Amino acid sequence: MSKLPKVGTTIFSVMSALAAQHKAINLSQGFPDFDCDELLKRLVNDAMEEGHNQYAPMPGIMPLREVIAQKIESLYGQQVNPDTEITITPGGTYAIFTAIATCIGPGDEVIIFEPAYDSYIPNVLVNGGVPVLIPLSFPDYSIDWNLVRSKITPRTKMIMINTPHNPTASIISREDLEELQKIVTAHNLLVLSDEVYEHLIYDGQEHLSILRYSELLRNSFVTFSFGKVFHNTGWKMGYCIAPAHLMSEYRKVHQYLCFSVNTPMQYGLSRYLQTPEHYLSLPGFYQQKRDYFLELMKDTRFTPLYSKGSYFQLMRYDRISDEGDKDFATRITKELGVASIPVSAFYENGKDDHVVRFCFAKKKETLEQAAERLRKI
Ligand code: GLN
C-alpha cells in the first residue's frame, strides 16, 4: 500500500547523487558550497558549552522568538506576538508540511502554482487534500488571476504562494497581493506563504511579505528558513508565523511531530540576529553572485531568464539542443560535469519548456569552473 503511489525520490537527491557519481560541479540542489559565518558557529558552540543541551520549549526559546518579532516589526511594520504567533521549526519544509497538516483534510482543495517546489503536492496528498494546479505564465512566470478565480470551488480551502519563487526566481507584485486579498476575502480562504528566500531579493526590490498586509495575515501561515539565508541548510532551522487562532492549532500538530527544535542552534541564532547587518547584507551579497554568474554565462549558448530573487538562475537551452530537459540535465552532468535541475520536475504533468535551474550560491571559483565547462556546449 502507498499513500503516495506516484511519488518517487525527490529530484534534489537524484541530481545530487548523479553529480557525485560523475564528480560533477553540483549546481543542482540549492545549498551553498561555502561555510556559514564563524561567529554564528561560535555562538552555537558557546550555547552548548553553557549547557543549553536539553529540550527547548515546544514553540521555541523565547529570546529567539523575541528577536524574530523585532526583525518583523522593523522590516515589515507588523507586530507579531512572540508568545502566541511564532513557532520555531526544524526547517522551512517542515514548517510548510505542518501548516498543511494543520488545516487540510480529505477533499479539501489547495491551489498550487506550477512550477511548484516539489514538496507541496505530496504534502497536500498525504493529508487527503486535492491539489488544484495552476500554471504560471511562461516565460515570466506571472500569475493569471482570472484563471485562479475560475478554479475556486466550494471545496477550496487554501492558496499557496512562494516569493521569491523556487524554482523560477520570480517575485510577487503588489498587484498580485491585491488580487490575492480580494479572492481570500470573498471565499474565506487560507494562505500559505513560503518566504524562505526573503532576504535574497535583487535590484533594490522590496520583499513583499504577507507580514506587511494585516488583513491577509489574519488568514495566513508564513514560513521562513534560517538555513537558506545564513548558509547552513544542514542545520534544518526555520520558523512559522501565523495569527494566534491558527498558531494554536498549528502547535497541536507540531508538538506531536517533533515537539521542539535543537536548543543550542536556537540560542546561537537568537544572539546572531541581534545584529541586523547579518541579514541586511544578504541581498547585496547574493546579488553579486547572481551578477557574476550571469557575466560568466554570457560566453555560453544558454539564455538566462531574469532572476529577481532566491539563489537560482533559470537558463533556456534552445540554442543548444531540442532534447527534453531531464535528458539534457542528465547529459550535461555526465558529459560536461555540471549538474542542474530540469524545471519539468516541478510540474505534475512534466510540462517541459526546455529550461534548467542553476544554483549560484557558490564560491567564485566554483562558478568560474562551471561556466568554463558550460562554454564547451
Ligand atoms: N530547497 C532546495 C532546492 O530547491 C533543496 C531542498 C531539498 O533538497 N530538499 O534545491
Side-chain angles (χ1 to χ4, degrees), residues 4 7-21 24-34 36 89-100 112-124 126 136 141 160-171 192-201 222-240 258 282 286 289-290 293 305 307-315 325-326 329-330 333 338-348 355-362 366-367 370:
L4 298 171
V7 170
T9 303
T10 160
I11 189 71
F12 306 121
S13 303
V14 171
M15 291 311 296
S16 279
L18 193 72
Q21 189 190 340
I25 299 170
N26 191 0
L27 306 190
S28 65
Q29 193 177 20
F31 62 89
D33 73 342
F34 46 87
C36 64
T89 62
T93 302
Y94 173 102
I96 293 164
F97 177 84
T98 306
I100 293 171
I112 296 177
F113 296 103
E114 286 195 304
Y117 182 60
D118 79 337
S119 73
Y120 296 175
I121 295 172
N123 282 182
V124 170
V126 88
L136 295 170
Y141 296 105
M160 290 179 73
I161 60 167
N162 173 211
T163 186
H165 187 261
N166 181 7
T168 69
S170 61
I171 56 174
L192 174 47
S193 183
D194 170 2
E195 303 185 11
V196 298
Y197 298 102
E198 73 177 316
H199 301 302
L200 280 54
I201 186 154
V222 193
T223 59
F224 296 92
S225 159
F226 290 115
K228 290 290 185 213
V229 296
F230 292 138
H231 331 305
N232 47 31
T233 59
W235 288 10
K236 296 299 297 177
M237 297 289 294
Y239 55 101
C240 181
C258 80
L282 289 165
Y286 269 114
K289 293 205 176 288
R290 181 205 62 177
F293 184 55
L305 291 170
S307 170
K308 296 180 178 165
S310 81
Y311 45 41
F312 302 116
Q313 175 65 59
L314 294 192
M315 292 278 179
D325 66 357
K326 287 191 172 141
T330 304
T333 306
V338 182
S340 59
I341 300 278
V343 172
S344 68
F346 302 98
Y347 287 95
E348 183 72 354
V355 177
V356 289
R357 189 196 81 176
F358 292 103
C359 172
F360 56 76
K362 305 291 168 187
T366 311
L367 296 175

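Note that ligands are numbered from 1 as they come in the structure, with each ligand's atoms numbered from 1 the same way. Source: prediction; values computed, not measured.
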query = Under the salt bridge (Lys or Arg N to Asp or Glu O under 4.0 Å) test, which residues partner Glu195, sequence neighbours left out?
reply = none
message = Could you check, using the six-membered ring where one of them is a Trp, whether Tyr286 and Phe293 have ring centers closer than 6.0 angstrom?
response = no
request  = Decide whether a cation-pi geometry holds between Lys362 and Phe31; the criteria are a distance under 6.0 Å from NZ or CZ to the six-membered ring centre and an angle within 45° of the ring axis.
outcome  =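 Yes, Lys362 lies over the aromatic ring of Phe31.
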So how far is it from [X] [atom1] to [Y] [atom2], rounded to the nearest 0.5 Å?
| X | Y | atom1 | atom2 | answer |
| --- | --- | --- | --- | --- |
| Leu367 | Lys289 | CG | NZ | 6.5 Å |
| Asp118 | Thr9 | CG | OG1 | 10.5 Å |
| Glu348 | Ile112 | CD | CD1 | 9.0 Å |

ask   = Near ligand 1, which residues have a heavy atom under 4.0 Å away from one of its atoms?
value = Phe12, Gln29, Gly30, Tyr117, Asn166, Tyr197, Lys228, Phe312, Arg357
